[in-house]
Amino acid sequence: MAPPILASPEEYKALIDSVDTFLLDCDGVIYHGANVVPGVKETLQMLRKAGKKIIFVTNNAAKSRPQYLKTFEKLGIEAYTEEIFGSGYAASVYLSSVLKFPKDKRVYVIGEAGLEEELEANGIAHAGGTDPEDKVFMGRDDFACIGSDPSVGAVLCGFDININYKKLAKAFTYLRENEGCLFLLTNQDPTYPTSFSTDDPEHPIKHALFPGSGSISYPLVYASKREPTVIGKPHKPMMDAIIAEHHFDPKRALMVGDNLLTDIQFGINSGVKTLLVLGGVTKREQVFGDQPSDIKPDLVMNSFGDLAVLAEQ
């Protein structure tokens with residue numbers, strides 16, 4: 001049975017009255033690249049005025065919360081650091097609050113400065129990452145420099161544009177030799193969407209896909225024969241970390257997203273009601289076509305910005 005499509009102010013109001021906490025995907029719900037979704041700014045203001053809790057949930061682990069806040073400020077979107085929950089910060093909270101990661105241990109990072117900042121925000125010591133020593137490419141005679149480090153109690157893999165063999169070799173060694181070493185992945189996204197300027201006047205901005213965190217982690221998964229604990233959407237550890245930080249009732253929460261495989265499945269896995277917005281990753285026929293996806297949202301809307309009509313009343 002196809003989910004209902006919300007289209008009237010009365011339906012919008014009933015939805016808002018039933019929800020205390022709005023978990024919002026970013027790209028596809030709040031903005032598309034550099035363009036804010038029409039009506040979203042007014043919708044966010046209306047929800048805040050109604051006393052609703054807003055949490056921005058993203059799988060991007062390359063940016064820290066302060067870095068993400070700058071993105072929102074640049075787009076003119078009201079947001080606060082404590083409302084932003086990327087998979088990097090979720091990994092940090094999961095380690096500190098859920099797993100109670102020992103203070104005398106370090107996390108070996110395959111990732112960028114944003115991920116390191118999030119670990120530091122929760123007092124978690126780390127190695128690797130942006131360390132200049134680990135950015136140096138190694139030769140065949142350099143294997144002796146990779147030895148055991150008993151201080152490493154976890155390997156955390158995220159998006160790393162400077163990934164190299166040395167980082168993979170160190171991480172693999174810790175996973176193989178350090179007893180009880182945890183293996184965590186910020187998110188399993190196979191690709192990383194981005195955009196960049198071109199010299200083509202007709203197409204000055206090119207949107208492209210490149211390997212994502214899931215792809216970067218695969219050599220470790222294959223070599224170690226270990227499956228990592230995946231933090232980001234659609235996996236439940238992300239929700240465990242969010243609830244550990246924000247303490248809300250999942251039964252009065254709503255996950256809003258444009259992607260069935262990540263956002264909607266995330267809500268389903270976490271026991272949270274879901275709202276799919278169209279116009280993003282998921283196309284209408286995937287929900288209402290002759291062969292719809294097995295992943296079914298509870299509700300559907302054309303755009304999250306459509307709720308702004310309530311602000312005009």
Side-chain angles (χ1 to χ4, degrees), residues 58-68 84-136 145-189 212-221 223-233 235-242 244-245:
T58 173
N59 265 358
N60 190 329
K63 290 183 179 180
S64 65
R65 291 179 301 161
Q67 289 171 330
Y68 243 106
I84 301 169
F85 226 93
S87 62
Y89 184 66
S92 173
V93 173
Y94 188 74
L95 279 162
S96 62
S97 299
V98 180
L99 297 181
K100 310 297 183 184
F101 189 69
K103 294 294 184 182
D104 61 343
K105 292 291 186 178
R106 297 192 297 168
V107 173
Y108 186 77
V109 175
I110 292 181
E112 302 188 358
L115 183 53
E116 293 174 317
E117 288 178 27
E118 300 297 32
L119 291 172
E120 292 164 6
N122 275 295
I124 298 174
H126 59 83
T130 60
D131 186 342
E133 180 184 333
D134 283 9
K135 287 186 177 182
V136 177
C145 72
I146 300 174
S148 298
D149 184 347
S151 73
V152 173
V155 169
L156 174 60
C157 186
F159 182 79
D160 191 336
I161 203 167
N162 293 302
I163 187 66
N164 58 34
Y165 189 85
K166 187 174 186 178
K167 290 183 178 182
L168 292 172
K170 280 191 171 185
F172 172 72
T173 299
Y174 304 143
L175 290 172
R176 185 169 179 266
E177 297 185 0
N178 291 11
E179 184 177 356
C181 186
L182 304 171
F183 186 15
L184 288 82
L185 177 59
T186 58
N187 65 83
Q188 217 167 16
D189 295 6
S213 300
S215 300
I216 289 171
S217 72
Y218 194 73
L220 291 177
V221 175
S224 70
K225 295 181 173 58
R226 289 182 58 179
E227 290 295 328
T229 296
V230 184
I231 305 297
K233 300 178 291 185
H235 301 274
K236 192 173 178 293
M238 182 83 150
M239 187 64 75
D240 294 337
I242 295 174
E245 185 89 350

Under 3.5 Å, which donor-acceptor pairs do the side chains of residues 174-182 form with other protein atoms, sequence neighbours left out?
unit_1 : atom_1 : unit_2 : atom_2 : d
Glu177 : OE1    : Ser148 : OG     : 2.3
Asn178 : ND2    : Asp149 : O      : 2.8
Asn178 : ND2    : Val152 : O      : 2.9

Q: Mind jotting down which residue pairs meet the salt bridge (charged side-chain N to carboxylate O under 4.0 Å, His left out) criterion with at least one end in residues 119-128? Sequence neighbours excluded, please.
A: none

(Q) To check you understand the geometry: which heavy-atom pair defines the closest contact between Met238 and Ala90, and what is its length? (A) SD-CB, 3.3 Å

(Q) Holding to side chain to side chain contact (heavy atoms under 4.5 Å, CB included), I want the full list of residues that pass it with Pro219, two or more places apart in sequence or in another chain. (A) Leu168

Q: Test side-chain contact (heavy atoms from CB on, under 4.5 Å) on Val93 and Phe85 and set out the steps.
A: CA-CA 10 Å; Val93 173; Phe85 226 93; 4.1 Å; yes

Q. Residues two or more places apart in sequence or in another chain: which of them pass salt bridge (Lys or Arg N to Asp or Glu O under 4.0 Å) with Lys236?
A. Asp240

Q) How would you list, by chain and number, every residue that makes a side-chain hydrogen bond (donor to acceptor under 3.5 Å, both in side chains) with Tyr68, sequence neighbours excluded? A) Thr58

Q.
List the residues meeting salt bridge (Lys or Arg N to Asp or Glu O under 4.0 Å) with Lys105, not counting sequence neighbours, and say none if there are none.
A. none

Q: Mind checking salt bridge (Lys or Arg N to Asp or Glu O under 4.0 Å) for Glu133 and listing every partner two or more places apart, or none if nothing turns up?
A: Lys170

**Q.** Partners passing salt bridge (Lys or Arg N to Asp or Glu O under 4.0 Å) against Lys63 (at least two apart in sequence or in another chain)
**A.** none

Q. Under the side-chain hydrogen bond (donor to acceptor under 3.5 Å, both in side chains) test, which residues partner Glu112, sequence neighbours left out?
A. none

Q. If we ignore angles and hydrogens, is there a donor and acceptor under 3.5 Å between the side chains of Ser64 and Glu117?
A. yes

(Q) Tell me every residue that passes side chain to side chain contact (heavy atoms under 4.5 Å, CB included) with Ser217, counting only those two or more places apart in sequence or in another chain. (A) Cys157, Leu185, Val221

Q) Out of curiosity, Asp160 CG to Leu115 CG, how far, rounded to the nearest 0.5 Å? A) 9.0 Å

(Q) Applying side chain to side chain contact (heavy atoms under 4.5 Å, CB included), can you list everything that pairs with Ala169, at least two apart in sequence or on another chain? (A) Ile146, Tyr165

Q: Applying side chain to side chain contact (heavy atoms under 4.5 Å, CB included), name anything that partners Ala61, two or more places apart in sequence or on another chain.
A: Ser87, Thr186, Asn187

Q: Taking atom types as modelled, find out whether Gln188 and Ser213 have a side-chain donor-acceptor pair closer than 3.5 angstrom.
A: no

